[in-house]
Structures are given as structure tokens and as C-alpha cells.
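One structure is given here, and the rest of the page talks about it.
Quick caveat, the model's predicted, so the values are computed rather than measured. When a ligand or atom number is given, it counts from 1 through the structure's own listing order. For reference, positions follow the sequence shown, starting with 1. Hydrogens, waters and symmetry mates are skipped; everything else that's a heavy atom, side chains included, is used.
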Amino acid sequence: MPHRSAEPSRDQLVQWDREIVWHAFTQMSEYEPLIIERASGCTLVDIDGREYLDATSSVWCNVHGHRHPRLDAALREQLDRVAHVTSLGSSNPTTIKLARRLVDIAPRGLTRVFFSDDGATAVEVALKMALQYWRQRSDPRPKKTTYLALGNAYHGDTLGSVSVGGVERFHAMFRPLLFDVLRAPAPDMYRLPPDVTREGALAHYLAEVERILAAEHERIAAIIVEPLLQAAAGMVLHPAGFLRELRELTRRYDVLLIADEVAVGFGRTGTMFACQQEDVTPDLLCLAKGLTGGYMPVAATLATDAIWQAFLGTYAESKTFFHGHTYGGNPLGCAVALATLEVFDEERTLEKLPAKIARLAEHLARIARNPHVGDVRQCGLIGAVELVRDRATREPYPWEEKRGLAVCDWARTQGVLLRPLGNVLVIMPPLSVTDEELDHIARAVEGGIQATLEA
Ligand SMILES: *Cc1c(COP(=O)(O)O)cnc(C)c1O
């Protein structure tokens with residue numbers, strides 16, 4: 001035979017995928033391989049040639065579509081220069097240009113950029129910077145060593161980010177390894193406490209935060225928050241004004257504000273960054289997922305000048321930030337991130353969003369009338385549909401019933417790839433999604449609810 005088959009067959013790939021590749025957040029005993037071989041725009045193509053719309057942006061990271069010519073070219077051009085340069089004591093033009101661009105577009109006052117490689121590492125960096133800042137600033141506050149986080153928060157899967165996380169089912173197992181944090185309730189507008197109205201929700205949730213701050217501010221280094229909406233919690237929407245008021249509280253009690261925009265950054269909520277909707281500049285801003293348009297693992301933690309200043313000193317003073325990740329600032333990743341930001345301008349991505357957001361809103365309004373739907377939520381081009389057993393009591397379906405997964409499995413038969421958060425169906429397509437694609441996704445969600453819950 002002229003070609004000894006070094007290439008595994010389709011069935012071989014399926015078998016190896018089932019038996020060797022340990023997939024994230026996946027029960028491997030039940031895993032049915034889905035092997036995507038190619039993609040273009042919002043369409044993914046599997047090894048059997050079947051096509052699927054990428055309705056959750058390959059888990060919230062794709063922005064301008066797959067195989068975007070500008071992004072592909074940026075990556076190739078960088079490859080012709082150098083693939084990797086360490087950020088430990090050296091740099092690269094592409095990395096520098098990206099840092100400059102990020103400072104230009106970020107909320108005013110965030111002037112320094114620390115690169116890492118994933119959302120979780122961006123959060124670890126922010127947590128460590130906050131603590132070290134209080135120890136090293138000219139008026140040190142070494143007792144500030146704890147954090148205030150929100151219920152059901154999700155900030156990544158490394159131990160520091162899990163410590164500030166609050167999703168019971170993912171995080172409870174690891175409790176013996178975690179540091180203690182203070183916890184305020186998630187400002188959830190759907191599942192309000194019994195005596196709280198929607199009108200009173202903002203004041204109620206802020207009062208909960210303030211109660212903790214008033215008692216504990218002397219030992220709190222920072223509050224960490226997912227601005228506007230808590231993604232992994234089930235696209236839990238905060239009341240309008242919560243972020244702005246939180247910023248005021250952190251000022252009053254002398255606590256840093258860390259904004260984790262890993263999920264909501266880069267246009268997802270309708271503005272480049274979610275913080276901009278409430279005119280907020282956090283002290284530390286965590287970015288990842290959409291930063292490279294969904295191409296490469298690059299993350300950034302942006303900091304204010306005040307934080308940066310606290311780390312300056314002579315070599316011997318040891319005020320250095322002793323933290324780094326081998327691939328932080330990787331030029332290939334930074335090249336595609338820079339191109340991602342250029343495409344925002346070239347394609348006027350943000351200007352085209354309001355029409356798509358309105359279209360998604362129409363679909364959600366229709367889906368909301370379904371008796372199995374307890375709530376629909378929307379923030380920009382992020383849509384969520386929460387399935388409930390009982391609309392009046394808001395009683396959820398037991399998670400073991402896998403209602404969300406069943407709807408998504410049905411949608412897959414219609415060529416739409418979704419990934420639910422328990423009973424919450426997530427519609428979060430690339431920002432480049434067309435009207436027709438959005439309609440197709442919404443119809444698949446609606447059809448899936450009808451097919452699986454009304455049967
Ligand atoms: C996904 C996510 C993270 C973690 O990012 P990774 O790149 O998966 O480490 C952190 N924070 C939020 C809000 C996220 O949605």
C-alpha cells in the first residue's frame with residue numbers, strides 16, 4: 001500500500017475521543033462524541049459533514065465568526081515573525097500594541113495591562129494584585145486579606161477563582177482546599193426573597209452588600225463581581241444600577257472593585273464592556289474569552305495607576321508582582337486579539353448590534369408565553385430561557401431530569417448547537433450572527449421546548 005494509514009479512521013477518532021480525551025464538565029460514561037472538524041462563520045461542521053449553528057459561540061468566546069479572513073490572516077502574519085516570546089523580562093511589538101489598544105478602549109483609568117492565558121488566570125491575577133496592593137501602598141493596610149463575592153458567582157476553575165466562586169454543584173467538593181470569602185446574595189431579579197418586590201430589589205441587594213462592608217471592610221481587599229449578569233449562574237440578571245451603586249459602596253468603604261468581564265466583555269452586552277453601561281471604572285478588570293474572538297487562549301487583567309504604583313520600588317524591596325504564566329502575552333494570541341478589535345471597527349460590529357438585540361427580544365417575548373418557561377432574560381445579545389416545573393411557584397425541574405439538555409439534544413437534530421446551564425437555555429451566538437441564523441436558533445429552542453416538554 002502506498003499510503004500506510006497514519007490517519008486514524010472516523011470510527012477510530014470516535015473511539016479515542018470517548019476513551020482517551022477527558023472532556024471538561026462532561027460525564028465521560030455518558031459522553032457521545034461530537035467531533036467538529038471545520039467551521040465557517042457561525043456554522044460548525046462535524047466529521048460526518050453535518051452542520052450546526054454555533055448558538056453559544058463555542059461556550060461564549062467566538063465573536064466575529066469562525067475562519068474570519070482578517071483573523072486568520074493576522075495569525076499567519078504573526079507566525080511569519082515569531083510564535084512566542086516570553087513576557088518575563090521581555091516583550092514583542094504585537095503584545096505591546098494590544099496592551100495599548102486595550103487601554104484605549106477600556107473604561108477610563110485602567111492604564112496597565114497584565115497578560116495571562118485564561119479567564120481563571122486573569123481572576124487569580126486580580127485577586128493577588130488586590131492583596132499585594134494593600135500591603136505595599138504608601139499607607140499600607142495589611143489586614144485587608146479577604147474578598148467579598150456574590151452567591152452563585154463563577155470566576156473560573158483554579159483554586160483561587162473557585163474560592164470566590166459560589167456555584168454549589170461545581171465548587172462544594174473542593175471546599176477543604178479553598179480560602180474563606182464573605183458572600184452577599186446574588187442580585188437575582190427572578191428568584192427574589194419572599195418579601196422583596198422587583199422595585200425594591202436594587203435597594204435590598206445593595207443593603208445586603210453594605211451590611212457586610214460596614215462590618216468587615218477593614219479586612220476586605222476587594223469585591224469581585226460579574227458586571228450586569230452572572231453567566232454561569234444561569235444568566236442571572238442584576239437590577240439596573242447595581243454595578244454603579246456597588247462602585248459607590250466600594251469607594252465609601254475603601255475596598256477595591258474587581259470586574260470579571262470574561263463572559264460579558266467584547267460587545268456581548270451591546271457595549272464593548274459591560275461596565276460602560278453603568279459608567280463604572282473598576283480597579284481591576286478581567287478579560288478573556290472574547291478577547292481573541294474565540295481563537296486563542298489570551299487573557300488580560302487591567303489595573304489602575306494607583307495599583308501599579310504600589311508595586312514599584314527597588315529590586316531589593318521585593319515589591320515585584322511575583323506571578324506569571326509561561327504563555328502570558330503570547331504574540332500569536334495577541335495578534336488575533338488585535339485583529340479582533342480592528343474587525344469591531346471595520347465591520348461596525350457594535351453599531352449593527354441593536355437590530356439583532358431587538359430581534360432576539362422578539363423571539364424571547366414569544367418563547368416566554370410557553371407554559372414551561374418561567375422566565376426569559378436578555379442582556380444585549382445574550383438570551384436565556386429558564387424552564388420551570390411550575391410557573392407560579394417558580395419551582396425548578398430537578399436537575400437530574402436534564403430538561404435543558406433534552407431541549408438542546410432536540411435542537412441539535414435541527415442543526416443548532418446549544419449548551420444549557422441546568423434548566424436555563426442559553427442563546428449567545430457570535431456577534432456576527434445573521435437575522436436568518438438568529439431566527440433558526442430561536443425556532444430550534446422553541447421547537448425543543450415543545451417537543452420535549454409537551455410530549
Ligand atoms: C468562563 C469564565 C471564567 C473562566 O474563564 P476560563 O477561560 O474558562 O478560565 C471566569 N469568569 C467568568 C465570568 C466566566 O464566564
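For ligand 1 and E226, the ligand atoms under 4.0 Å from any heavy atom of the residue are 13 (C).
The closest approach between D260 and ligand 1 falls below 4.0 Å for a heavy atom of the residue.
At a 4.0 Å heavy-atom cut-off, ligand 1 touches W60 through the side chain alone. With a 4.0 Å heavy-atom cut-off, ligand 1 is reached by the backbone of A120 and by its side chain too.
Using modelled atom types, one finds a donor on one side chain and an acceptor on the other under 3.5 Å when comparing D117 with T121. For the 3.5 Å distance criterion, the side chains of H68 and E347 qualify, holding a donor opposite an acceptor. Q276 and T271 are not linked by any side-chain donor-acceptor pair at a separation below 3.5 angstrom, with hydrogens and angles left out of the test. Looking at D72 and Y295, their side chains do bring a donor and an acceptor atom within 3.5 Å of each other.
Among all protein heavy atoms, the one lying closest to atom 2 (C) of ligand 1 is K289 NZ, 2.5 Å.
Checking only distances, G119 does come within under 3.5 Å of ligand 1, N or O to N or O. Some N or O of D118 is nearer than 3.5 Å to an N or O of ligand 1, by distance alone.
In this structure, atom 8 (O) of ligand 1 is not in close contact with the protein, since no protein heavy atom lies within 4.0 Å of it.
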Stepwise salt bridge (charged side-chain N to carboxylate O under 4.0 Å, His left out) test for E32 and R412: CA-CA 13 Å; E32 280 305 324; R412 202 197 280 194; over 6 Å; no
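Test V376, V236, L237, V388 against Y190 for side chain to side chain contact (heavy atoms under 4.5 Å, CB included) and you get one pass: V388.
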